[in-house]
Amino acid sequence: MDKKLIFAVAGSGKTTHIVESLSCDRRALIVTYTNGNYDNLRQKITKKFNNQWPENITLMTYFSFLYNFCYKPLLSDRIRACGILLDTEMMHKQQAERRAHGVSHGRKIFYMTTGNYFYTNRLAYFIERYIMDDVKERIEMFFDTFVIDEVQDIAGRDFNFLEQLMATNVNMLFVGDFYQHTFDTSRDGNTNKSLFNSKTAYQKRFTDKGLKLDSTTLIKSWRCSQSISNYIQDNLGISMSSHRPATDNTSIEHITEARQITSILNEECIIKLHYQNGAKFGIGHKNWGESKGEDHYHDVCVLLNPTTLKRFKAGKLTELPLSTKNKLYVAITRARGNVYFIDEPKINKREI
């Protein structure tokens, strides 16, 4: 079996690589976490096969895979779940209440709400404990290849479940960007809490299960210019280069003059990306992490929150907390053209 983990960089063509690996004579199951990635994959797969969806290819979001492919065919006649609880605030509240009452791990309510909805952070654990071998058999029966897009989103108990799936007797292709880890499929206490603390330790979890590591195929970005790639490498410590020629360069500027700031903020075609609370600024504003997976921007305005601004001015962006640095990396690498840094406190204080 050919089992491979590909580490990529932003804009290197992860989705394109997956789509190009598909063929009409090999049954493939493709799983991705976000709806945006699902839509992007569906569009590109349809285009590859002349606007017809091939019967041998199945595309699912992660929780649809867990619920509809793993749980439903095997246990729905005995465990009559109503669905999955996607309200994480309510989920953590209920779980805390049940821990306070000393609920044991062996009971059904560890995995489900009082209304018979699976907790998102326990469904994979439930499958792993009770029907793991059956799930592997189902995958082997229906597919030749198992693909996970944006594998760095798999976290918490879901990663333990993924490790078990790695033993399935089919070809596997896992593609992701370690530094674009801005979302988690789930979190549950301290389970895999340190999973993303070290890239070396993270990749070892895969290679220990027999997957081959590929760190070269998708190391160059088609989206970002060489100047942006150099900036990412020099200031965030993330190895990255560009397919684009050195002459096809773009600028990275810290904009401080009030008139220029106003002009950029008023330019509708420039997306404005904030660390958080981007929506409160209106249309055309998003959060850094929220922009992950989006590929249609030319120039990008990155608003620097106080913590990031302090590190930025000191030339110490590498000292940012890992989650913040990852989101900043995502924001900067949305740009095909120029990147404009603006101090967000100036906007908040209405200095422009």
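Positions are given from 1, in the same order as the sequence printed here.
In this structure, a donor-acceptor pair under 3.5 Å is absent between the side chains of Gln164 and Asn160. When only modelled atom types and interatomic distance are considered, Thr32 and Asp149 share a side-chain donor-acceptor pair under 3.5 Å. Side-chain contact annotation: Asp188 with Thr191, donor-acceptor N/O pair under 3.5 Å absent. A side-chain donor-acceptor contact under 3.5 Å links Tyr329 and Asp177. Looking at Tyr38 and Asn40, their side chains never bring a donor and an acceptor atom within 3.5 Å of each other. In this model, no donor atom of one side chain and acceptor atom of the other lie less than 3.5 Å apart for Asn51 and Thr46. With hydrogens and angles left out, the side-chain atoms of Asn171 and Asp144 include no donor and acceptor closer than 3.5 Å.
Cluster note: Leu322 groups with no other residue, as no ILVMFWY side-chain heavy atom lies under 4.5 Å from it.
Of all non-hydrogen atoms in Ile252 and Ile228, the two that sit nearest each other are CD1-CA, 3.8 Å. In plain terms, the two heavy atoms of Ser242 and Cys224 that are nearest each other are OG-O, 2.7 Å.
Under the 30°/60° scheme for interplanar angles, the aromatic rings of Phe143 and Phe69 are found to be tilted. Between Phe7 and Phe178, the ring planes are perpendicular. Angles over 60° get that label, and only those under 30° would be called parallel. Using cut-offs of 30° and 60° for the angle between ring planes, the His285 and His274 rings count as tilted. Aromatic ring pairs are classed by plane angle as parallel below 30°, tilted from 30° to 60° and perpendicular above 60°; the pair Tyr33 and Phe183 is perpendicular. The aromatic rings of Tyr130 and Tyr111 sit perpendicular, their planes meeting at an angle over 60°, well past the 30° parallel limit. Between Phe118 and Phe126, the angle of the ring planes lies from 30° to 60°, which puts this pair in the tilted group.
For the pair Leu162 and Ile148, the minimum side-chain heavy-atom distance is below 4.5 Å. The shortest side-chain heavy-atom distance between Leu173 and Lys3 does not fall under the 4.5 Å cut-off. Taking the side chain as every heavy atom from C-beta outward, Ile264 and Ile342 approach each other to under 4.5 Å. Side-chain contact between Met60 and Thr58 is present, with at least one heavy-atom pair separated by less than 4.5 Å. Using a 4.5 Å heavy-atom threshold, the side chains of Leu85 and Thr120 count as separate. Contact of the Phe174 side chain with the Val147 side chain is not registered, since no non-hydrogen atoms from C-beta on lie closer than 4.5 Å. Put simply, the side chain of Leu273 does not reach to within 4.5 Å of the side chain of Val330, judged on heavy atoms. No side-chain heavy atom of Val175 sits less than 4.5 Å from a side-chain heavy atom of Val151.
In terms of modelled atom types and a separation under 3.5 Å, the side chain of Gln233 and the main chain of Met240 share a donor-acceptor contact. In this structure, Thr168 contributes its side chain and Val170 its backbone to no donor-acceptor pair below 3.5 Å. Counting only distance, with no hydrogens or angles, the side chain of Ser221 and the backbone of Ala10 share a donor-acceptor pair below 3.5 Å. A distance-only check finds no donor-acceptor pair linking the side chain of Tyr62 to the backbone of Thr34 [under 3.5 Å]. With hydrogens and angles ignored, the 3.5 Å screen pairs no side-chain donor or acceptor of Gln152 with any backbone N or O of His181. With hydrogens and angles ignored, the 3.5 Å screen pairs a side-chain donor or acceptor of Glu257 with a backbone N or O of Arg259. With Lys272 contributing its side chain and Ile270 its backbone, the two residues share a donor-acceptor pair below 3.5 Å. Proximity of a side-chain donor or acceptor of Asp214 to a complementary backbone N or O of Ile6 within less than 3.5 Å is not detected. The main-chain N or O of Gly337 is found under 3.5 Å from a side-chain atom of Thr250 such that the two form a donor-acceptor pair. Although no hydrogens or angles enter the test, the distance criterion places a donor-acceptor pair under 3.5 Å between the side chain of Thr113 and the main chain of Gly115.
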Given Asp184 and Arg187, is the salt bridge (Lys or Arg N to Asp or Glu O under 4.0 Å) satisfied, shown in steps?
-> CA-CA 7 Å; Asp184 288 331; Arg187 298 175 186 173; 2.7 Å; yes

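Counting only residues at least two apart or in different chains, side chain to side chain donor-acceptor pair (under 3.5 Å) contacts with residues 64-76 comprise Ser64-Asn68. Annotation: ring-ring contact (aromatic ring centres under 6.0 Å, His included) contacts involving residues 237-270, sequence neighbours excluded, comprise Trp222-His243, His254-Phe312.
Each of Thr308, Leu309, Leu303 was scored for a side-chain contact (heavy atoms from CB on, under 4.5 Å) with Asn305, with one residue passing: Thr308. No option in Asn37, Asn287, Asp153, Asn326 other than Asp153 meets the side-chain hydrogen bond (donor to acceptor under 3.5 Å, both in side chains) test with Lys292. Across Arg223, Arg336, Arg334, Lys286, a single residue satisfies salt bridge (charged side-chain N to carboxylate O under 4.0 Å, His left out) together with Glu294, and that is Lys286.
Other residues, nucleotides and ligands place more than 12 heavy atoms under 6.0 Å from the CZ atom of Phe146. Remark: Asn35 CG is loosely packed, at most 12 non-hydrogen atoms of other residues, nucleotides or ligands lying under 6.0 Å away. Within 6.0 Å of atom CD in Glu140, more than 12 heavy atoms from other residues, nucleotides or ligands are found, so the atom counts as buried in its surroundings.
Taking the ring axis of Phe110 as reference, the NZ or CZ atom of Arg122 stays within 45° of it and closer than 6.0 Å to the ring centre.
Here the straight-line distance linking atom CZ of Phe196 with atom CZ of Phe159 works out to 7.0 Å at 0.5 Å rounding.
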